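Here the structure is laid out as structure tokens; the discussion comes afterwards.
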Amino acid sequence: MLKTAICDLFGIKYPVIQGGMAWLGDANLASAVSNGGGLGIIGAGNAPPEWLQKQIRLTRERTDKPFAVNVMLMSPYVKEVIEIVIEEGIKIVTTGGGNPGIYMSRLKEAGIKVMPVVASVALAKRLERAGADALVAEGMESGGHIGETTTMALVPQIVDSVRIPVVAAGGIGDGRGLAAALALGAHGVQIGTRFICAEECSAHPNFKKKLIQAGDRATVVTGRSTGHPVRCLENAMTRQYEKLEKAGASVEELERFGTGRLYRGVIEGDLEGGSLMAGQIAGLIKEVKPAKAIIEELVREAELVITRLAMIAARTTHD
Ligand code: TUI
């Protein structure tokens, strides 16, 4: 039945966690994922605290299951976001885009379970010492802001360096990916890109269609020169960004160029001028369906894969 330590820690049915995607991780998607047996996440992103408060209250109206908030540490509102999370009585927080070390004691004192997203062994060890309850090990196959190591290489190294449960992220979109993550020693998966094509996701239909049409090489990484590499679907925006980077544009110029692009792309559906953050698994997505169906198919497929692997392991040869 695929019950793991992550299911017990968070009180969820399946070890499937929704990525805390900025703008797309709203009350619609988070409540659908939680109602489907996974852990829904409201992605605070760079949104103002009032947006977050509203999404938390709407999610509570739509589900009685556990859900979480992702705190994006590069947000100009990070301090207010943390206060809202505490005031609203949120029980589970994930963090991304940086080191949450300075906020750990405040969150832990409020009785919140904290699961930081990390991209290196060093930060994983530091955050376990700081009181993290679990970690998401996120490989560079992911969409959005990424580290440098692949999921395949990162997950087992983090699993071996901490005692708390580890969730794998980056490049996972179906049951084979879930089974592979468990094989690497993870206790669950965090999935972002696949949930963009959930029926309940507020992504613009143009973006959902482009993801379904995307192939295995549809994404590119921009922003390496700024120290904040970001993976998105290639389009006019990424090509222009790359030109600016090659021409030696300053970090400030690049930041100004990027401001507001994510909302424009994923919510307004501007496929050429917007930033379409997505992971390398985009090529695997073939259709839009309800979050519950995505989760149930994923778990059923993983169970089949694991059964098949167990049969291979038990097989004896007669020659
Ligand atoms: O955070 C993410 N993915 C994101 S955040 C985001 S919002 C954004 N918008 C525009 C430009 C940049 C970001 C979009 N996607 N994933 C989790 C993640 N965290 N990936 C990598 C990291 C990370 C990086 C450095 C975590 C810690 C870290 O620490 C550095 C340090 O101080 O040790």
Side-chain angles (χ1 to χ4, degrees), residues 17-25 41-48 51-52 68-78 81 93-104 114-130 132 134-151 154-155 158 166-172 189-193 195-196 203 219-233 237-238 241 245 251-267 274-280:
I17 291 145
Q18 173 224 316
M21 299 172 286
W23 299 122
L24 300 181
I41 300 195
I42 302 169
N46 280 323
W51 181 89
L52 175 63
V69 170
N70 174 267
V71 178
M72 213 285 281
L73 297 160
M74 292 185 286
S75 165
Y77 304 110
V78 59
V81 160
V93 161
T94 68
T95 65
N99 178 355
I102 55 170
Y103 306 110
M104 287 299 289
V114 186
M115 177 165 69
V117 179
V118 298
S120 71
V121 166
L123 189 57
K125 285 184 175 168
R126 223 179 301 152
L127 292 171
E128 179 183 44
R129 280 199 299 274
L135 293 166
V136 177
E138 190 184 273
M140 56 83 79
E141 296 92 322
S142 302
H145 178 47
I146 53 171
E148 284 181 3
T149 310
T150 61
T151 303
L154 184 68
V155 172
I158 291 189
V166 174
V167 167
I172 302 168
V189 289
Q190 181 187 272
I191 291 180
T193 305
F195 281 123
I196 299 174
T219 71
V220 292
V221 178
T222 57
R224 288 199 197 276
S225 69
T226 69
H228 298 299
V230 169
R231 182 182 300 285
C232 15
L233 295 181
M237 195 286 293
T238 63
Y241 193 104
E245 257 187 307
V251 173
E252 293 73 35
E253 267 176 276
L254 291 167
E255 266 175 15
R256 212 173 319 122
F257 176 77
T259 302
R261 299 267 177 179
L262 183 62
Y263 190 88
R264 216 167 120 184
V266 306
I267 301 290
S275 165
L276 305 174
M277 292 184 189
Q280 287 185 325

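Indexing begins at 1, ligand by ligand and atom by atom, following the structure's order. Worth saying up front: this structure is predicted, and the values here are computed from it rather than measured.
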Legend entry - R231 side chain to G279 backbone, donor-acceptor under 3.5 Å: no
Legend entry - Nearest non-hydrogen protein atom, atom 29 (O) of ligand 1: L123 CD2, 3.5 Å
Inset, instruction - Write down the atom of T219, the atom of A278, and the distance for their closest heavy-atom approach. - result: CG2-O, 3.7 Å
Inset, instruction - If you have a sec, work out which protein heavy atom is nearest atom 31 (C) of ligand 1 and how many Å separate them, to one decimal? - result: N99 CB, 4.1 Å
Legend entry - Subset of ligand 1 atoms that lie under 4.0 Å from at least one heavy atom of G144: 14 (C), 15 (N)
Inset, instruction - Return the residue, atom name and 0.1 Å-rounded distance of the protein heavy atom closest to atom 9 (N) of ligand 1. - result: M277 CE, 3.6 Å
Legend entry - Contacting atoms of ligand 1, where contact means under 4.0 angstrom from a heavy atom of V230: 11 (C), 12 (C)
Legend entry - Distance-only N or O hit between ligand 1 and R126, under 3.5 Å: no
Inset, instruction - Taking only heavy atoms of M72 into account, list the atoms of ligand 1 that are under 4.0 Å away from them. - result: 5 (S), 7 (S)
Legend entry - Per atom 19 (N) of ligand 1, closest listed option by heavy atom (A124, G147, A169, G97): G97
Inset, instruction - Check whether any heavy atom of G98 sits under 4.0 Å from an atom of ligand 1. - result: yes
Legend entry - CZ (F257) with more than 12 external heavy atoms under 6.0 Å: yes
Inset, instruction - With the side chain counted from C-beta on, respond yes when L127 and L135 share a heavy-atom pair under 4.5 Å apart, and no when they do not. - result: yes
Inset, instruction - Using atom types as modelled and distance alone, determine if a side-chain donor or acceptor of E245 lies under 3.5 Å from a backbone N or O of S225. - result: yes
Legend entry - Closest approach of C232 to L276 (non-hydrogen atoms, all atoms of both residues): CB-O, 3.1 Å
Inset, instruction - Look at atom 16 (N) of ligand 1 and say which protein heavy atom is nearest, naming residue and atom and giving the distance to 0.1 Å. - result: E138 OE2, 3.1 Å
Legend entry - atom 17 (C) of ligand 1 [closest protein heavy-atom partner, distance rounded to 0.1 Å]: V117 CG1, 3.3 Å
Legend entry - L24 and M277, any side-chain heavy atoms less than 4.5 Å apart: no
Legend entry - Heavy-atom closest pair, residues V189 and V167: C-CG1, 3.4 Å
Inset, instruction - Find out whether R126 and N99 are in side-chain contact, i.e. whether some heavy atom of one side chain is under 4.5 Å from a heavy atom of the other. - result: yes
Inset, instruction - Between M140, H145, M74, flag the one that comes closest to atom 15 (N) of ligand 1 by a heavy atom. - result: H145
Inset, instruction - Answer with side chain, backbone, both or neither: which part of V136 has a heavy atom less than 4.0 angstrom from an atom of ligand 1? - result: neither
